Amino acid sequence: MSERSERTADRVSASEPGGDGVRGRSPRDARSRVVTVAAAQLGPIARDESRGDVVDRLVALLRDGHAAGCDLVVFPELALTTFFPRWWVDDLADADHWFETEMPSAETKPLFDEARHLGVGFVLGYGELTADGHRYNTYALVDAAGEIIGRFRKVHIPGHEANEPWRRFQHLERRYFEESPDGFQVWQAYGGVVGAALCNDRRWPETYRVLGLQGVELVVIGYNTPLHYAPDPTQDALQGFHNHLVMQAGAYQNGTWVVAAAKGGTEEGVESLAQSVIIAPSGQIVAQAVTTADELIVARCDLDMCRRYKETLFDFARYRRPEAYGLITERKGTH
Ligand code: CDT
């Protein structure tokens, strides 16, 4: 690791449920459910970096997480390779080496073994090539015993399908990945109700609301966001603002923790956003990465803090008006 720092959100008052807890519960209530979570930001992964070398970096971050008392370490999207959708290949089979056909594989097994040894869960992003030939941008949820307990496949696939040589670099996710057939689901995991999203999913309010309607308490997110957006470069300077804007709103409007891990820095000449964050159900950022390299940020997430929002201002059962929202599912575009 070239740079690393650790910050604990329990030094930040905003992360603590105060004495005016929902319905009389105090923050020191013995029943409170605190999960210590890390976002394990990655710096760039070079095109020629071996899986083994990358897994060594992930294991180091997992060990840092264990040393910081973490129950869960969240890695970014496509955390085993460089962000390969920036390149065109004429024959899709020539991209197969970017994908995993099994998980764990011989190369990733050391990470699973270390998780079991340390008793720390993790979430890992990778390109998945299924036995029947489907390609997904996938997040695996792994428990503290090193077992996969769930798989999330990216729902919103951004970018383009065809080679567009006018761009400085390609964003060919729509060539490489199919849209998830499963949508957004939650798992009882890591002591709470957990949902997942990958990169572009985080920009859509529907992501958080569909998870919120399933009672989500912790949303794990991984992202690779190039700073340059070719269709409208006026957005380049706003990448950091938009990143936090969407996730803070999603957290607050659904009363959930959000833990978001970036792969940032300059990778194969493309600069990507770092600024990994952990966000409380209040919408406040309680931990944020300060580098564009491998870096762990840590927060003690009291899942009971979600109740402050889920049982008051965003008491869905009391205040939502689904009969007024029909267009959300009836219509895809504006017409
Ligand atoms: N990985 C990913 O989804 N990135 C997109 C880039 C913008 S679309 C070209 C994102 O939403 O951050």
Side-chain angles (χ1 to χ4, degrees), residues 39-45 47 74-88 95 98-100 123-128 135-140 152-180 183-184 195-208 219-250 258-277 279 288-289 292:
Q41 177 175 286
L42 289 177
I45 298 177
R47 187 174 189 162
V74 177
F75 293 112
E77 175 192 47
L78 297 179
L80 294 172
T81 63
T82 199
F83 190 74
F84 58 87
R86 72 171 64 94
W87 293 297
W88 171 261
W98 301 119
F99 288 80
E100 312 302 313
V123 183
L124 179 70
Y126 59 97
E128 177 189 11
R135 291 178 164 79
Y136 299 111
N137 189 337
T138 296
Y139 232 175
F152 167 77
R153 289 156 179 154
K154 188 169 180 174
V155 171
H156 301 94
I157 307 294
H160 49 108
E161 294 86 355
N163 195 16
E164 298 187 2
W166 59 271
R167 292 172 183 258
R168 270 190 236 159
F169 52 87
Q170 306 295 299
H171 198 106
L172 287 158
E173 286 196 67
R174 292 185 72 81
R175 173 161 173 75
Y176 289 117
F177 302 120
E178 292 173 46
E179 295 168 338
S180 166
F184 296 101
L198 280 165
C199 199
N200 192 258
D201 290 325
R202 78 195 190 286
R203 301 188 191 272
W204 298 90
E206 293 87 349
T207 296
Y208 307 91
V219 182
V220 294
I221 299 177
Y223 60 94
N224 284 259
T225 294
L227 292 187
H228 176 56
Y229 182 58
D232 177 16
T234 68
Q235 297 180 28
D236 295 5
L238 301 173
Q239 291 290 0
F241 167 62
H242 289 156
N243 182 46
H244 291 167
L245 176 74
V246 291
M247 294 192 292
Q248 290 182 258
V258 168
V259 179
K263 174 140 69 66
T266 303
E267 186 180 83
E268 301 295 342
V270 176
E271 200 179 349
S272 288
L273 185 70
Q275 298 184 13
S276 301
V277 278
I279 302 166
Q288 179 171 334
T292 57

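Only a predicted model underlies this, so the values are computations on that prediction, with no experimental measurement involved. In each ligand, atom 1 is the first atom listed, and ligand 1 is the first ligand listed.
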- Message: Yes or no: does Q239 have any heavy atom under 4.0 Å from an atom of ligand 1?
- Response: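 No, Q239 has no heavy atoms under 4.0 Å from ligand 1.
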- Is there a heavy atom of H156 sitting under 4.0 angstrom from any atom of ligand 1?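 H156: no contact with ligand 1 (<4.0 Å).
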May I ask you to list the atoms of ligand 1 that are less than 4.0 angstrom from any heavy atom of [X]?
X	value
R202	12 (O)
E77	1 (N)
N224	1 (N), 2 (C), 4 (N)
N200	3 (O), 10 (C), 11 (O)

Could you find the nearest protein heavy atom to [atom] and give me its residue, atom name and distance?
atom	answer
atom 8 (S) of ligand 1	P158 CB, 3.6 Å
atom 6 (C) of ligand 1	H171 CE1, 3.6 Å
atom 2 (C) of ligand 1	C199 SG, 2.7 Å
atom 3 (O) of ligand 1	K154 NZ, 2.8 Å
atom 11 (O) of ligand 1	R203 NE, 2.7 Å

- Centre of F169's six-membered ring, under 6.0 Å away, within 45 degrees of the axis: is that where NZ or CZ of R86 sits?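 Verdict for F169: no cation-pi partner in R86.
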- Message: On the six-membered ring of W98, is R47 placed so that its NZ or CZ lies under 6.0 angstrom from the centre and within 45° of the ring axis?
- Response: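 Judged by the rule, R47 and W98 form no cation-pi pair.
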- Query: Do the charged groups of E173 and K154 touch, with an N to O distance under 4.0 Å?
  - Reply: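 Counted as a salt bridge, because a side-chain N and a carboxylate O are separated by less than 4.0 Å.
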- Task: Decide, yes or no, whether a salt bridge links R153 with E128 under the criterion of side-chain N to carboxylate O below 4.0 Å.
- Result: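 Counted as a salt bridge, because a side-chain N and a carboxylate O are separated by less than 4.0 Å.
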- Message: Counting only nitrogen or oxygen atoms and a 3.5 angstrom limit, does Y229 reach ligand 1?
- Response: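 Looking only at distances, the answer is no, because the N/O contact criterion of under 3.5 Å is not met.
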- Message: Using 30° and 60° as the class boundaries, would you call the ring planes of F184 and F152 parallel, tilted or perpendicular?
- Response: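 Correct class here is parallel.
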- Looking at R203, K263, R202, which hits side chain to side chain contact (heavy atoms under 4.5 Å, CB included) with Y223?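 Testing Y223 for a side chain to side chain contact (heavy atoms under 4.5 Å, CB included) against R203, K263, R202 leaves exactly one candidate, R202.
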- Message: With a sphere of 6.0 Å drawn around CH2 of W204, does it hold more than 12 non-hydrogen atoms of other residues, nucleotides or ligands?
- Response: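 Atom CH2 in W204 is not crowded, with 12 or fewer foreign heavy atoms closer than 6.0 Å.
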- Query: Is a donor on one side and an acceptor on the other found under 3.5 Å between the side chain of T266 and the backbone of G269?
  - Reply: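 Judged by distance alone, no pair lies under 3.5 Å.
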- Is the F83-H171 ring centre distance short of 6.0 angstrom?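 Under 6.0 Å, so yes.
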- What part of F83 sits under 4.0 Å from ligand 1 if we count only heavy atoms: the side chain, the backbone, both or neither?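 Under 4.0 Å from ligand 1, F83 contributes side-chain atoms alone.
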